[in-house]
Amino acid sequence: VTHGAERLVSRVLLAGGGLAVALMLAGLIGIEWSAAHRASPRNAPRVTESQAAGRAADVFVSLPQLGRALRRRPPPPAAVTAAGILVLLATPAVALVAGLAAFAVAGDRWYTAISAVLAAALLCGFFFNAGG
Amino acid sequence: VTDLVVLGAMFGTSVAAGVAGAVLGLGGGILLVPVLTLFFGVSLPYAMGASVLSVIATSCGAAAGHLASGLANIRLGLFLATATVTGALVGAELVGVVPTRALQVLFGLALGYSAFATLQQLHVEIPSAPAATAFGRRFGLEGVYHDWTLGHDVRYRAARIGGGLAVMFGAGMLSGLLGIGSGAFKVLAMDTVMRLPMKVSTATSNFMIGLTAAASAGVYFGRGDIHPVLATPVALGVLLGSYVGTGLVGRLRNTTVRKLFLPIVVYLAGSMLLRGLGVL
């Protein structure tokens, strides 16, 4: 029972982390490429030393805002990176749901219930704060 | 070039944070936040956002490896996570109600005592397992892993489950109240209170910290504290470092991991006491 859940959760964590990093990297390459072709290239230290400067264009703070940006063709590189960030933030909750499924299939009611409560708390917390 | 050098340096720091996090069961924020703010001039909110991201990245990389190798106990992690998540929710509700400084002094003293207890069992490789209980068996609070350094399977069983849950609740409450990660508390609860092997404690903590951080991640995202330019090298570095770190844990003895962990506890106890007393 435990081995099945552990294998599944392990794979979800690894796949989520890998997908997130791939998206973030693709977005960052796009951000750097477009910054290099601007008249006044921006530099990372200046952007990250002040929230006011950093938030101007690159930071997404809600799911609807990010969804609108991702529907543009081509999507802005910062939106691709933000999608990667979201995938990473959601990965533990998705892994928990995968664990829940494994426990449910194995008939372990206690851990199905515990996983369900924890997953609900994580997902509700996230959408309450970032759902827009 | 400036951008690449800075991003490369952040990436390198994050790799180190990931390795340390995977070995010690921490999120890496303890290393990342000071480095990002002091050496890279990153604003504190962005550094905190990067720290939350690094905790989840550490958890993804390290827990994936530890779960596959059998070092992390998913049931133990989920069972204890019920206490940390409840504690975090209670802590978040108590912001502004409970005197934070008094709590910091209290937890600083608790950490100081834990450092003393850790010092006392510094050379204990495998703690003696308590007698089996129906409750522990029902909830899977026991297990077995293959220890490559010892060359044999190690069976373990959680002791003082109520005490462990209480410390986990306190750790979660502290996370909710102060907005800090609590990987060190989780490791201490499992190692010192529940008498689990150190490597099982750090590996299971790696799984748990991802859940705790994910609970507060939406807050940081919604506030705009996770900057993409900063997030990418941090996440990439930490993920890579933590995956490397999981391989390293298998080759270390429990006593070595505990010796590496002790200075972190002493540092945390000192900084928490000083903050509580208003010195920092």
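Every chain is numbered from 1, with letters handed out A, B, ... down the list of sequences.
The two residues A/Leu13 and B/Ser59 make their nearest non-hydrogen contact at CD1-O, 4.2 Å. Heavy-atom minimum distance, A/Gly17 versus B/Leu239: O-CD2, 3.5 Å. In terms of heavy-atom proximity, A/Leu88 sits nearest to B/Cys60 at CD1-SG, 4.0 Å. B/Val85 and A/Ala121 get closest at one heavy-atom pair: CG1-CB, 4.3 Å. Scanning all heavy atoms of the two residues, the minimum distance from B/Pro233 to A/Leu28 falls at CD-CD2, 4.2 Å. Residue A/Ile85 comes nearest to B/Pro228 through the heavy atom pair CD1-CA, 4.0 Å, listed as atom of the first residue, atom of the second, then distance.
At a 4.5 Å heavy-atom cutoff, the contact between B/Tyr243 and chain A is made by side-chain atoms alone. Using a 4.5 Å cut-off between heavy atoms, A/Leu25 touches chain B through backbone and side chain atoms alike. The contact between B/Ala72 and chain A is made entirely by backbone atoms, counting heavy-atom distances below 4.5 Å. At a 4.5 Å heavy-atom cutoff, the contact between A/Leu89 and chain B is made by backbone and side-chain atoms alike. Both the backbone and the side chain of B/Phe139 have a heavy atom closer than 4.5 Å to some heavy atom of chain A. With a threshold of 4.5 angstrom between heavy atoms, A/Ile114 approaches chain B through side-chain atoms but not through N, CA, C or O.
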Next on the checklist: Before you tell me yes or no, could you show the steps for B/Ile74 and A/Arg7 under side-chain contact (heavy atoms from CB on, under 4.5 Å), namely the whole-Å CA-CA distance, both residues' side-chain angles and the distance that decides it to 0.1 Å?
Outcome noted: CA-CA 10 Å; B/Ile74 192 170; A/Arg7 256 199 309 272; over 6 Å; no
Checklist entry - So B/Phe207 and A/Glu6, side-chain contact (heavy atoms from CB on, under 4.5 Å) or not? Walk me through it. => result CA-CA 11 Å; B/Phe207 171 65; A/Glu6 282 165 357; over 6 Å; no
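The 12-atom threshold is exceeded at OH of B/Tyr145, counting heavy atoms of other residues, nucleotides or ligands nearer than 6.0 Å. Around CZ of B/Phe39, the count of heavy atoms belonging to other residues, nucleotides or ligands within 6.0 Å does not exceed 12.
Side-chain N or O atoms of A/Tyr111 include none that pairs as donor or acceptor with a backbone N or O of B/Gly140 at under 3.5 Å.
A/Phe103 has its side chain within reach of B/Arg75: a pair of non-hydrogen atoms, C-beta onward, lies under 4.5 Å apart. Residues A/Met24 and B/Leu53 meet the side-chain proximity criterion, which asks for heavy atoms closer than 4.5 Å. Put simply, the side chain of B/Leu78 reaches to within 4.5 Å of the side chain of A/Leu96, judged on heavy atoms.
Atom-to-atom distance recorded for B/Leu211:CG and A/Ser115:OG is 9.5 Å, nearest 0.5 angstrom.
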